[in-house]
Trainee: 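Please find one structure pasted underneath; my questions will follow.
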Protein chains: 6
Amino acid sequence: MMNNIAIFPGSFDPITLGHVSVIRRAIPLFDKIIISIGINSEKKHMFDMEQRKSWIEKIFQDEEKIIVESFTGLTVNFCKDRNARFILRGLRTAADFEFERGIGQVNKKLNPNIDTIFLLTEPEYTPISSSIVRDVIRNNGDISQMVPKEVLKDLKIA
Amino acid sequence: MMNNIAIFPGSFDPITLGHVSVIRRAIPLFDKIIISIGINSEKKHMFDMEQRKSWIEKIFQDEEKIIVESFTGLTVNFCKDRNARFILRGLRTAADFEFERGIGQVNKKLNPNIDTIFLLTEPEYTPISSSIVRDVIRNNGDISQMVPKEVLKDLKIA
Amino acid sequence: MMNNIAIFPGSFDPITLGHVSVIRRAIPLFDKIIISIGINSEKKHMFDMEQRKSWIEKIFQDEEKIIVESFTGLTVNFCKDRNARFILRGLRTAADFEFERGIGQVNKKLNPNIDTIFLLTEPEYTPISSSIVRDVIRNNGDISQMVPKEVLKDLKIA
Amino acid sequence: MMNNIAIFPGSFDPITLGHVSVIRRAIPLFDKIIISIGINSEKKHMFDMEQRKSWIEKIFQDEEKIIVESFTGLTVNFCKDRNARFILRGLRTAADFEFERGIGQVNKKLNPNIDTIFLLTEPEYTPISSSIVRDVIRNNGDISQMVPKEVLKDLKIA
Amino acid sequence: MMNNIAIFPGSFDPITLGHVSVIRRAIPLFDKIIISIGINSEKKHMFDMEQRKSWIEKIFQDEEKIIVESFTGLTVNFCKDRNARFILRGLRTAADFEFERGIGQVNKKLNPNIDTIFLLTEPEYTPISSSIVRDVIRNNGDISQMVPKEVLKDLKIA
Amino acid sequence: MMNNIAIFPGSFDPITLGHVSVIRRAIPLFDKIIISIGINSEKKHMFDMEQRKSWIEKIFQDEEKIIVESFTGLTVNFCKDRNARFILRGLRTAADFEFERGIGQVNKKLNPNIDTIFLLTEPEYTPISSSIVRDVIRNNGDISQMVPKEVLKDLKIA
């Protein structure tokens with residue numbers, strides 16, 4: 001029997017409460033969700049791969065269906081490697097939607113067997129993105145309503 | 001064990017190739033999908049409920065996971081009656097998204113346990129809506145690229 | 001000395017928590033805000049003018065700066081009659097913005113001295129509009145998170 | 001030799017300065033532009049067909065390339081009848097664009113030989129639509145910045 | 001008695017006619033408007049801080065309510081330092097709106113007492129942004145319809 | 001007699017099937033279309049100017065109306081140099097439209113005699129942009145549904 005495996009790709013620099021909410025609500029739909037941290041050498045990150053991965057693992061340590069991996073190359077190729085037929089994404093705004101639709105349709109051209117599944121971000125997380133979080137961190141602002149407590153704890157220690 | 005049941009609500013006046021594509025691609029995600037034809041006494045329909053229901057049943061007659069029902073009242077209440085935790089919808093355009101996000105967020109206020117799952121319409125079906133189909137029918141245009149053959153057959157006979 | 005008077009025009013059929021939030025936050029900007037209920041004989045209303053007006057008066061009975069009036073004709077003409085240089089509006093979505101920008105620019109052509117001031121709806125009220133509220137009422141749904149307690153009370157009695 | 005003929009379809013109830021600007025700027029692109037007033041028995045009009053047609057004919061009486069006709073049925077069928085390979089439309093807003101893209105793509109499905117050509121509305125005419133003009137007329141407002149002098153003259157006499 | 005103080009934050013590299021129009025129309029709403037030039041060491045500027053500040057001071061030298069300052073860090077923190085309860089912004093397009101709504105909602109999370117007030121850009125200034133102006137300058141184009149005469153004068157001398 | 005000359009400006013890094021479709025469908029509208037590759041020293045390109053130009057020349061070698069040139073500076077100035085009254089562009093999404101409208105309106109301020117003509121991208125090419133193509137190339141993905149065979153051939157050899 002074929003399993004329903006989904007990839008949730010992203011940079012997670014850092015993971016936000018919006019990401020966490022989308023992933024938790026998607027758990028019943030899949031047998032496994034692979035939170036897939038894209039390695040992009042051209043992009044500068046605020047937090048290194050180990051840190052980003054460690055946060056996500058702590059947050060979902062009690063969820064048996066969730067694993068965390070890093071990957072390079074096209075998302076659809078990583079899907080094929082992992083036997084995943086679905087890509088999972090959250091939608092916040094109409095601008096988000098236009099961007100995600102483009103990516104989703106290109107992915108379908110690259111591999112017609114892979115489909116993207118979208119969930120809505122909760123209204124209170126709509127304005128929260130990783131790049132907003134980094135901007136607030138840089139300016140020493142309060143991110144306690146934006147990231148999970150696992151991220152918050154490490155940032156306060158630092 | 002709790003099953004994953006989804007409602008796909010709509011008027012389906014008539015069902016389009018875009019609807020069919022979204023439903024077929026969502027089948028692996030759920031144990032059951034209830035295609036739910038809303039009864040709205042304030043809306044005039046081109047095709048009566050029996051006709052609309054009969055087309056959908058023919059199209060999906062070989063899909064065991066799919067059943068067709070009509071309903072009145074709030075979608076979230078029908079979900080609760082049927083034990084469905086998910087509402088399934090297709091997304092065609094940014095305008096669609098803004099509309100669906102509003103409905104999805106209101107539904108969540110009415111029943112926080114119910115979530116909406118979105119799939120993208122295929123690019124070739126993006127411009128096709130039931131209201132466009134009705135407009136083409138009224139003007140005796142060719143809808144063969146817009147609706148399933150089950151609908152087409154009956155319309156040609158008529 | 002000239003006063004800063006604003007008109008907040010609408011149908012308020014019924015007034016929502018989103019309307020109330022926008023009006024309350026705008027109070028410090030103006031000497032007077034006239035909540036202006038447009039009389040539109042071509043539109044069918046769920047609640048009659050007296051009911052709509054009465055709710056708004058109760059909600060803002062302790063706010064000295066706020067008065068409630070009905071009006072007919074162009075909003076800019078009512079502004080001129082009341083010596084109001086500003087129109088106040090809330091913005092919920094990008095679709096809202098495009099609509100309001102059109103109206104605001106037309107108003108400026110009709111009377112260049114009148115300007116529209118926009119506030120954002122709070123995220124939790126973004127999906128709430130009067131038309132959504134009416135739809136939920138018609139289907140006997142729960143509107144307790146959508147309208148002020150003054151509206152809720154009367155609807156429960158009824 | 002095949003000519004470049006374009007259809008500019010619409011209700012023109014009434015024609016606006018925005019329409020006129022788009023049509024005038026498109027004249028060099030085509031051998032003939034047929035301003036095509038759609039007959040839609042389900043829509044109520046403020047001005048009757050003869051009045052709408054007469055205004056357009058007066059406005060463009062010195063433009064040899066422009067003719068005015070009414071039509072029923074699908075726009076693409078009227079194109080075929082008139083040997084027109086192009087549909088001409090103005091674009092005002094992003095909402096306009098989404099709507100026009102849908103119509104344009106459906107037209108292409110109905111007749112792949114027909115293409116839609118878009119021009120931008122001038123910024124000062126962006127908020128002006130026929131429905132806004134009708135609303136201002138109904139409220140006795142000043143439409144002198146919204147419609148051509150040929151329309152204005154008749155409305156003032158009346 | 002508490003005063004109504006607003007911050008108008010931006011890079012103003014350089015200030016445009018669109019900025020000036022929004023600020024002038026907002027003057028009646030506030031006791032003081034602080035045009036606040038953000039210092040962002042990661043962004044490259046075409047004009048240095050002194051130049052940008054000097055232009056704005058000249059343009060508004062007769063407006064007693066307007067002062068110009070530079071600031072670092074979060075906008076909401078600068079608001080608090082200056083006792084400002086309002087952030088003032090212009091809105092040009094739907095894309096603008098989506099961006100500004102995100103920023104405005106994040107600011108509200110960071111400090112719930114601060115609200116953003118929006119005015120519409122005049123239609124003729126809708127396409128004008130500082131980045132467009134810089135692009136035209138780089139290509140030796142004519143910016144006389146895009147920036148105030150105080151900016152134009154210095155650029156022509158240079 | 002004045003000719004209808006159009007500029008189709010872009011980076012074409014590389015040219016896509018979407019570009020080619022828009023250009024081919026626009027040929028009947030103009031006496032000459034100059035595909036104009038902008039030289040932008042601040043932008044890094046994947047393919048050098050000679051390569052990009054050579055591909056376009058091969059694709060359109062049988063189209064007498066089409067020539068290929070590179071240019072620096074403002075597009076409107078290049079139009080004037082080449083006696084072109086029209087700029088030709090394709091429209092894919094609402095985000096595209098908002099961007100193109102801004103550029104088109106700025107161009108009109110810089111030279112009121114020049115107008116932008118838009119065609120819709122075909123639905124199947126809507127998600128394809130040069131930047132998506134470059135991203136797929138970088139990740140060794142299959143671009144055979146995204147670029148013309150002339151581009152594909154050289155990339156496979158390399």
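Chain identifiers are assigned alphabetically (A, B, ...) following the order of the sequence lines, protein sequences preceding nucleic acid strands; residue numbering begins at 1 within each chain.
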Trainee: Between D:A26, D:A95, D:P123, D:A6, which residue shows the highest count of heavy-atom pairs closer than 4.5 Å to chain F?
Mentor: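 Result: the option with the highest number of such pairs is D:P123.
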
Trainee: Using a 4.5 Å cut-off on heavy atoms from C-beta on, say whether the side chain of F:I117 contacts that of D:L119.
Mentor: yes

Trainee: When you scan chain F against chain D, which donor-acceptor pairs turn up at less than 3.5 Å?
Mentor:
{"from": "F:N4", "atom 1": "ND2", "to": "D:P28", "atom 2": "O", "distance (Å)": "2.4"}
{"from": "F:R25", "atom 1": "NH1", "to": "D:D115", "atom 2": "OD1", "distance (Å)": "2.9"}
{"from": "F:R25", "atom 1": "NH1", "to": "D:D115", "atom 2": "OD2", "distance (Å)": "3.4"}
{"from": "F:P28", "atom 1": "O", "to": "D:N4", "atom 2": "ND2", "distance (Å)": "2.4"}
{"from": "F:R92", "atom 1": "O", "to": "D:R101", "atom 2": "NH1", "distance (Å)": "2.7"}
{"from": "F:R101", "atom 1": "NH1", "to": "D:R92", "atom 2": "O", "distance (Å)": "2.7"}
{"from": "F:K108", "atom 1": "NZ", "to": "D:E122", "atom 2": "OE2", "distance (Å)": "3.3"}
{"from": "F:D115", "atom 1": "OD1", "to": "D:R25", "atom 2": "NH1", "distance (Å)": "2.9"}
{"from": "F:D115", "atom 1": "OD2", "to": "D:R25", "atom 2": "NH1", "distance (Å)": "3.3"}
{"from": "F:F118", "atom 1": "N", "to": "D:F118", "atom 2": "O", "distance (Å)": "2.9"}
{"from": "F:F118", "atom 1": "O", "to": "D:F118", "atom 2": "N", "distance (Å)": "2.9"}
{"from": "F:E122", "atom 1": "OE2", "to": "D:K108", "atom 2": "NZ", "distance (Å)": "3.3"}

Trainee: Would one find more than 12 heavy atoms of other residues, nucleotides or ligands at under 6.0 Å from atom CZ of F:F71?
Mentor: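 Enclosed: over 12 neighbouring heavy atoms sit under 6.0 Å from CZ of F:F71.
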
Trainee: Could you pull out the closest heavy-atom pair between D:I114 and D:A84, with the gap in Å?
Mentor: CG1-O, 3.9 Å

Trainee: Do D:I35 and D:I23 come within less than 4.5 Å of each other through their side chains, counting heavy atoms only?
Mentor: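 D:I35 reaches D:I23 side chain to side chain.
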
Trainee: Could you tell me if the side chain of F:P14 sits less than 4.5 Å from the side chain of F:V133, heavy atoms only?
Mentor: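 They are in contact (side-chain heavy atoms under 4.5 Å apart), so the answer is yes.
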
Trainee: Do F:I56 and F:F8 have side-chain heavy atoms sitting under 4.5 Å apart?
Mentor: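 Counting from C-beta outward, F:I56 and F:F8 never come under 4.5 Å.
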
